[in-house]
Amino acid sequence: MSEKLAAVKGMNDILPPESARWEWLEEKVRALMRRYGYANVRTPVVEPTALFVRGLGEVTDIVEKEMYSFEDTMNGDRLTLRPEATAGIVRAMIEHNALYNGPLRVWSNVALFRHERPQKGRYRQFHQIDVEALGHAGPDVDAEQILMCAALLRDLGIDREHVRLELNSLGQPAERNAHRAALVAHFEAHADRLDDDARRRLHSNPLRILDSKNPAMQPIVEAAPKLLDFLGPASLAHLDAVRAALDAAGQPYRINPRLVRGMDYYNLTVFEWITDKLGAQGTVCGGGRYDGLFEQLGGKPTPAVGWGMGMERMLLLLDAVGANPPPEAPDAYAIVPAPDAMTTALVACEALRAAGVSVQMHAAGADGWGGMKAQFRRADASGARYALIFGADELANGQVAVKHLRDGSGAQRLEPLADPLAWAATLQSGH
Ligand code: ATP
Ligand code: MG
């Protein structure tokens, strides 16, 4: 036997029955997007490295140490597995002049790659639902996006007590520069207490120090000057309008003046949905406004706002609060005692499926066809409500036996094979 191969560290296989939870979540998301009028987009997994360096900022965790970058050995191009979704979507919008006819609201379901230390809720390949409203200056759209996330949490059965909304404003570049000078002065005064990361960023990107996850740094981070105190009237009015909309919609939030996001492209509104149930990986959803990104990537000035929700973390949270989807099972499992009845069974199952019944058909395993007992065991394991028994005696009369597997009665009835539409519906849930 050859040596076994394993998946790359920090990258997960998603197999049944876990995959059913993913599909359930994805269906809730799809329904949400339809309700809010967001259209699906799909962009490549690989992008030019320069897109992320320019888009996210050179002095960010992602660009400095988390990107999977490589050289295309065919032509020497520098490429990167996308670590986030927004830059690629904005690139696509600019490249195709997609906002020519006006603003667009889009969403995407993406696999992302970051070279982080794998732990619960933090992986090297992970997945996000990403939502972007392109071409709207807000603040109404900022509020819409926050409320969208609230609606999704509601649809998933997650109570308000389990996730809180934190909100902040990063203002505009000029306000950030004034704040930045004050920050540098503050951190310089405490230079002896900065860690290596912070010391390196002191002059290149001091705002990032506020995002430090180092507990030893928290006291001086807490004491740092607040960006909110540097905002001018227009920025404050934008924040107030977002707050007023959330208040009107009955959505609670907390202003967190320390909330900064991992990418440099954000301005004005930023927000996170945070849970206490997942330890240090408590942010399930994060987003904000990024009015400067289109220009930074060579496009026309275009206001935009978006958020990303971590699928793995959302599924962990759902587990933690016991908000799990109903188990998935076929309506029926077709038991075929003898191989020579297979073709008849197969044709009957096709007719039932065409009528909307989900049927899992018995098939031979590596150990042969399988006796009745083994087939009933598999029928039971499949979760199917009914067994369809294609036995020789029944088939000789043009019939199939239908046995209820879940009501404890063991009741069995006969149905005509020639007319599956007459009884197909009785196999479906609700009957
Ligand atoms: P964190 O602060 O936890 O590192 P982040 O600020 O880097 O998160 P974003 O880039 O804003 O996260 O991505 C949005 C969401 O994607 C996060 O809130 C989280 O749910 C999820 N996420 C981010 N990184 C990972 C990862 N390595 N593994 C799993 N999910 C992740
Ligand atoms: Mg991160």
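Any value given below was found using the heavy atoms of this structure, including those in side chains, with hydrogens, waters and symmetry copies removed. Ligands are counted one by one from 1 in listed order, and the atoms in each one are counted from 1 as well.
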message: Give me the nearest non-hydrogen protein atom to atom 16 (O) of ligand 1 as residue plus atom name, then the distance to 0.1 Å.
response: Gln128 NE2, 2.9 Å
- prompt: Considering residues, nucleotides and ligands other than Glu58, do more than 12 of their heavy atoms fall under 6.0 Å from its CD?
  reply: no
field: Nearest non-hydrogen protein atom, atom 6 (O) of ligand 1
entry: Arg261 NH1, 3.7 Å
task: Would you check if there is a donor-acceptor pair between the side chains of His238 and Asp142 at a distance under 3.5 Å?
output: yes
- line: Among non-hydrogen protein atoms, atom 28 (N) of ligand 1 lies closest to Tyr123 N, 3.0 Å
message: My understanding is that we take every heavy atom of each candidate and find the minimum distance to atom 26 (C) of ligand 1. Doing that for Phe113, Tyr266, Phe126, which one comes out nearest?
response: Phe126
- prompt: Backbone, side chain, both or neither: what part of Arg313 comes under 4.0 angstrom of ligand 1, heavy atoms only?
  reply: side chain
query: With a 4.0 Å heavy-atom cut-off (strictly under), which part of Lys213 contacts ligand 1: side chain, backbone, both or neither?
result: side chain
query: What protein heavy atom sits nearest atom 21 (C) of ligand 1, and how far away is it?
result: Gly310 CA, 3.7 Å
task: May I ask you to check whether over 12 heavy atoms, not counting those of Arg42, lie within 6.0 Å of atom CZ?
output: no
task: Run the numbers for me: atoms of ligand 1, each under 4.0 Å from some heavy atom of Gly308, listed by number.
output: 14 (C), 15 (C)
message: Give me the nearest non-hydrogen protein atom to atom 4 (O) of ligand 1 as residue plus atom name, then the distance to 0.1 Å.
response: Arg122 NH1, 2.8 Å
message: Any donor-acceptor pair under 3.5 Å linking the side-chain atoms of Glu26 with those of Asn109?
response: yes
message: Going by ring pair (Phe, Tyr, Trp, His ring centres under 6.0 Å), name the residues that satisfy it together with Phe52, two or more places apart in sequence or in a different chain.
response: none
- prompt: What protein heavy atom sits nearest atom 12 (O) of ligand 1, and how far off is it?
  reply: Arg114 NH1, 3.8 Å
query: What do the steps show when you test Glu64 against Arg201 for salt bridge (charged side-chain N to carboxylate O under 4.0 Å, His left out), and what is the final call?
result: CA-CA 11 Å; Glu64 279 187 331; Arg201 288 170 173 186; 2.7 Å; yes
message: Looking only at side-chain N and O atoms, does His127 offer a donor or acceptor that is under 3.5 Å from a partner on Gln125?
response: yes
field: Element-labelled atoms of ligand 1 that are located less than 4.0 Å from some non-hydrogen atom of Cys285
entry: 18 (O)
query: When you measure from atom 18 (O) of ligand 1 to every protein heavy atom, which one gives the shortest distance, and what is it?
result: Thr283 O, 3.0 Å
Flag, side chain of Asp77 to backbone of Leu79, donor-acceptor distance under 3.5 Å: no
query: Please state which protein non-hydrogen atom is closest to atom 27 (N) of ligand 1 and give its distance, to 0.1 Å?
result: Glu116 OE2, 2.6 Å
- prompt: Is ligand 1 under 4.0 Å from a heavy atom in the side chain of Val284, in the backbone, in both, or in neither?
  reply: backbone
message: What I want to check is whether the side chains of Gln172 and Asn267 have a donor and an acceptor closer together than 3.5 Å.
response: yes
